[in-house]
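Following: one structure in structure tokens, then a few remarks.
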Amino acid sequence: MRKFVSTRNKENVVFSKEAIILGLAKDGGLYTPIDLSDIKIDLNKCLYSNYKELATHILSSIFNDFTREEIKACVAHAYTKSFKTDDITPLTKIGKDFLLELYHGPTSAFKDVALTILPHLLSTAYKSYDKNKKIYILTATSGDTGKAALEAFKNVENTYITVFYPKDGVSEIQEKQMNTTTGNNVDVVSIVGNFDDCQRLVKTIYEDKEIHDNYQNVQLSSANSINIGRLMPQVVYYFKAYSNLVKNRFIKMNDKVNFIVPTGNFGDILAGYIAKLIGCPINKLICASNKNNVLVDFINTGVYDINRQFYTTMSPSMDILISSNLERLLFMLSDFDDKKIKQYMDDLKTKGKYEIDKETLAKLQESFVGIYVNEEECIKAMHQAFHENNRLIDPHTAIAYHASHKYIDKHKNIILATASPFKFSNSVFSSITKTFVKSEIVAMNELSKISKEEIPLNLKNINKLEILHNKTINIDEGRDYVIERIKELND
């Protein structure tokens with residue numbers, strides 16, 4: 001069976017089922033497969049597989065303590081009639097490049113691809129361990145994960161979820177999506193602070209020994225990409241996109257391609273690196289960043305430094321300074337040196353920065369390129385995509401779209417389109433019309449009129465839904481809030 005170990009202590013060994021249940025290691029590390037060298041995905045087989053078949057093949061290869069039948073059932077539950085298209089993640093042309101459309105799920109964001117399957121992986125894993133604990137999922141969101149997680153886990157038996165999001169740090173549509181979520185087991189709380197504050201709160205709770213010791217009838221878990229069960233399903237669409245290019249004769253089999261990824265918490269682009277490791281012919285993974293360009297600076301210099309101004313931008317899901325999944329990548333690049341990773345993370349916590357060694361930096365730069373896109377360029381990209389290519393793209397996708405124009409080599413560029421443009425209607429509408437309207441709802445309807453595109457059903461009537469969640473707390477109240485919730489579940 002494949003071993004998964006904590007990035008901060010590789011003596012902490014579990015298999016994938018337990019890693020999915022736990023979400024985060026108690027030492028604060030992220031569970032990571034210690035070896036994937038036995039996996040080599042057959043590209044010819046990919047050509048003749050639909051999305052569900054491909055997901056079954058890839059995920060059963062990675063999570064090999066699940067039976068193939070268990071994975072097949074999880075995939076069927078996740079991807080049958082829950083997406084707008086049976087293709088799940090269609091690939092379309094945009095100018096000279098290609099757009100991997102990841103936003104056709106129930107909440108119109110790429111997070112749906114993984115979060116529709118995570119509850120099924122989690123419940124299947126839990127049955128194997130015959131545990132009687134209630135599962136309490138704590139999740140921090142910069143916008144899209146929150147709604148996708150709430151939709152995925154609402155009304156799931158013996159499972160409860162609290163989502164923390166930064167007040168004034170998400171779009172109006174994202175906030176309405178979360179705060180109108182129905183379900184008898186869901187909880188939404190805004191934090192006075194930014195996403196990094198929310199993420200720090202969740203991680204601190206996971207590492208809190210007192211909570212683990214005092215409330216043993218409750219199992220903490222996560223729906224963030226710190227959970228390996230959230231991360232790995234994203235690997236599938238890299239192979240799916242590649243296969244589509246081959247099938248449509250844009251490239252020949254084994255030709256390499258570039259993927260341009262708008263990047264915040266580093267999960268989506270890390271999934272691309274894992275795809276590369278197990279056989280997807282990827283040349284470069286382009287890390288496209290907004291004004292909070294800590295990752296671009298890191299890729300270029302090897303210094304990760306969060307001692308900088310935090311910016312609120314029109315691409316809020318990327319307004320992040322502490323990119324959690326980078327820890328997993330560094331663990332893999334450093335030949336699983338847990339002591340080195342722990343030192344990096346300790347330095348980040350105490351000094352706000354760390355610097356990797358030259359050998360690890362060289363390995364990083366073999367696969368990754370960082371490109372920074374400012375707000376003006378983001379606006380220009382949305383305008384250009386519509387007026388030159390007749391395509392609406394959201395601000396996050398626009399970051400990647402502009403980066404694709406900056407990174408040109410002999411390989412085809414595939415841009416990850418991570419959210420529906422209607423989730424960020426005001427930014428998109430003002431960018432392409434040079435007209436500003438105050439209401440996101442008005443902008444959404446106007447955008448539909450001028451583009452002739454239909455508003456996704458989950459967004460169309462959002463303004464008519466009842467607000468069910470309206471809690472706001474300060475960050476220093478977070479621990480007490482979580483403990484009160486755990487006490488209720490522990491009884």
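Keep in mind it's a predicted model, so treat the numbers as computed, not measured.
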Shortest non-hydrogen contact from [X] to [Y]?
X: V202; Y: T139; value: CG2-C, 4.1 Å
X: P262; Y: M318; value: CB-SD, 3.8 Å
X: N12; Y: A25; value: ND2-CB, 3.8 Å

Enumerate donor-acceptor pairs with a distance under 3.5 Å from any side-chain N or O in residues 267-281 to protein atoms, sequence neighbours excluded.
from, atom 1, to, atom 2, distance (Å)
D268, OD1, Y237, OH, 2.4
K276, NZ, N283, O, 3.4
K276, NZ, S367, OG, 3.0

Regarding [X] and [Y], does a basic nitrogen lie under 4.0 Å from an acidic carboxylate oxygen?
X: K342; Y: D346; result: yes
X: E366; Y: K284; result: no
X: E207; Y: K203; result: no
X: D208; Y: R479; result: yes

Determine whether a donor-acceptor pair (N or O, by modelled atom type, separation under 3.5 Å) exists between the side chain of [X] and the backbone of [Y].
X: T32; Y: L30; answer: yes
X: T181; Y: M178; answer: yes
X: Q174; Y: S171; answer: yes

Is the [X] to [Y] ring centre distance short of 6.0 Å?
X: Y79; Y: F83; answer: yes
X: Y238; Y: F259; answer: yes
X: F336; Y: F331; answer: yes
X: Y344; Y: Y354; answer: yes
X: F298; Y: F266; answer: no

* Stepwise side chain to side chain donor-acceptor pair (under 3.5 Å) test for T312 and D319 -> CA-CA 6 Å; T312 300; D319 291 344; 5.0 Å; no

Answer yes or no: are there more than 12 heavy-atom neighbours, outside [X] itself, under 6.0 Å from its atom [atom1]?
X: K351; atom1: NZ; result: no
X: K3; atom1: NZ; result: no
X: K84; atom1: NZ; result: no
X: K72; atom1: NZ; result: no
X: K26; atom1: NZ; result: no
X: E53; atom1: CD; result: yes
X: K340; atom1: NZ; result: yes

* Side chains of T360 and L364: does their closest heavy-atom pair fall under 4.5 Å? -> no

* **Y304 vs L295 side-chain heavy atoms within contact, under 4.5 Å** => yes

* To do: Kindly confirm or rule out a cation-pi arrangement of K291 over Y311, judged by NZ or CZ under 6.0 Å from the six-membered ring centre and within 45° of its axis?
  => yes

